[in-house]
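Take a look at the structure set out below.
Just so you know, these numbers use all the heavy atoms, side chains as well, and skip hydrogens, waters and symmetry mates. Below, chain A is the first sequence line, B the second, and so on; all start at residue 1. Quantities reported herein were computed from a predicted structural model and do not represent experimental measurements.
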Amino acid sequence: DAGVIQSPRHEVTEMGQEVTLRCKPISGHDYLFWYRQTMMRGLELLIYFNNNVPIDDSGMPEDRFSAKMPNASFSTLKIQPSEPRDSAVYFCASSLGQVETQYFGPGTRLLVL
Amino acid sequence: DAKTTQPPSMDCAEGRAANLPCNHSTISGNEYVYWYRQIHSQGPQYIIHGLKNNETNEMASLIITEDRKSSTLILPHATLRDTAVYYCIVRARERGKLQFGAGTQVVVTP
């Protein structure tokens with residue numbers, strides 16, 4: 001299996017632009033998680049889905065952030081408009097079942113200028 | 001979920017065992033202890049988890065004290081590739097969330 005796939009791996013954009021991060025979970029996994037990692041706050045869970053339905057989005061920082069999962073093999077995290085404080089590494093993870101091991105992707109490094 | 005306390009850093013000599021402590025004095029009966037690690041610039045990687053019995057897999061061993069208030073992750077023969085941040089996380093199994101703390105930066109030296 002290819003593991004969790006994220007794209008792009010690196011993104012540099014200017015403040016105010018829309019940013020879309022993409023994730024393909026491991027085939028057959030029914031849970032998908034979005035995390036953000038910064039030096040100041042460490043690794044934080046933003047939102048997670050079960051069978052394409054958002055279960056807990058309490059970690060989403062504000063309305064500028066939105067996440068969707070249109071099907072079992074694809075999810076997006078969108079930031080509109082982006083701000084410099086959104087600069088971080090964004091990780092996607094998936095698991096087979098809520099209680100099982102989460103497998104993380106390589107992350108997307110976002111820099112907002 | 002219960003909070004965990006880990007030392008911020010530790011060094012280990014290559015080929016020696018690395019013993020990583022974690023305190024979780026407020027752990028509840030239904031909460032498991034999970035260990036993940038993050039090698040620089042990579043996503044976190046699952047290592048092992050346990051409830052109250054000691055556990056071992058191909059990567060490491062997990063020793064949980066009888067009162068479950070602390071645990072130790074043991075890397076039996078540390079290699080340079082084990083240099084990473086190690087996270088101890090306590091989580092109830094019915095919860096999807098993993099709450100990562102600051103972890104322990106482990107540096108394995110030749």
Side-chain angles (χ1 to χ4, degrees), chain A residues 2-7 9-10 21 23-26 29-60 67 69 88-110, chain B residues 1-9 22 27-53 55-62 73 81 84-106:
Chain A
V4 175
I5 299 172
Q6 292 187 247
S7 65
R9 294 292 308 276
H10 302 271
L21 312 181
C23 175
K24 177 178 168 58
I26 293 173
H29 282 190
D30 56 349
Y31 278 80
L32 184 139
F33 307 82
W34 281 100
Y35 291 84
R36 177 174 69 174
Q37 185 171 33
T38 62
M39 290 293 292
M40 291 294 293
R41 300 175 66 90
L43 262 167
E44 306 173 277
L45 177 67
L46 300 178
I47 185 171
Y48 74 94
F49 295 82
N50 174 222
N51 291 325
N52 315 336
V53 176
I55 302 300
D56 185 345
D57 65 354
S58 59
M60 295 286 264
M69 193 164 185
V89 182
Y90 291 81
F91 290 103
C92 176
S94 70
S95 67
L96 179 60
Q98 179 171 239
V99 302
E100 301 306 323
T101 301
Q102 293 183 22
Y103 294 87
F104 285 75
T108 295
R109 280 155 183 75
L110 174 65
Chain B
D1 292 332
K3 285 191 172 180
T4 62
T5 304
Q6 299 178 252
S9 65
C22 179
I27 192 170
S28 300
N30 66 336
E31 290 180 319
Y32 285 68
V33 180
Y34 287 78
W35 284 84
Y36 279 73
R37 74 179 183 183
Q38 187 174 22
I39 296 170
H40 182 60
S41 298
Q42 297 182 21
Q45 176 190 25
Y46 168 81
I47 301 173
I48 198 168
H49 75 278
L51 181 63
K52 51 185 176 182
N53 296 323
E55 302 288 343
T56 296
N57 63 20
E58 65 280 1
M59 290 183 69
S61 295
L62 175 60
L73 178 75
R81 288 174 294 181
V85 178
Y86 288 76
Y87 297 98
C88 170
I89 301 165
V90 171
R91 188 190 85 170
R93 290 213 84 191
E94 68 272 12
R95 293 184 62 128
K97 288 183 178 183
L98 285 174
Q99 290 187 299
F100 289 82
T104 296
Q105 172 67 64
V106 173

**Prompt:** Got B:P44 and A:Q102 here, is their nearest side-chain heavy-atom distance under 4.5 Å?
**Reply:** no
**Item:** Region of B:Y32 in contact with chain A, defined by heavy-atom distances below 4.5 Å
**Value:** neither
**Prompt:** What heavy-atom pair brings A:F91 and B:Q38 nearest, and what distance separates the two atoms?
**Reply:** CZ-NE2, 3.5 Å
**Request:** Determine, step by step, whether B:L98 and A:F33 satisfy the side-chain contact (heavy atoms from CB on, under 4.5 Å) criterion, reporting the C-alpha distance in whole Å, the side-chain angles of both residues, the deciding distance to 0.1 Å, and the verdict.
**Result:** CA-CA 10 Å; B:L98 285 174; A:F33 307 82; over 6 Å; no
**Request:** Sort A:Q37 into side chain, backbone, both or neither according to what part of it lies under 4.5 angstrom from a heavy atom of chain B.
**Result:** side chain
**Asked** What distance separates B:Y34 OH from A:T101 OG1, expressed to the nearest 0.5 Å?
**Response** 7.0 Å
**Residues, nucleotides or ligands: over 12 heavy atoms within 6.0 Å of B:Y46 OH** = yes
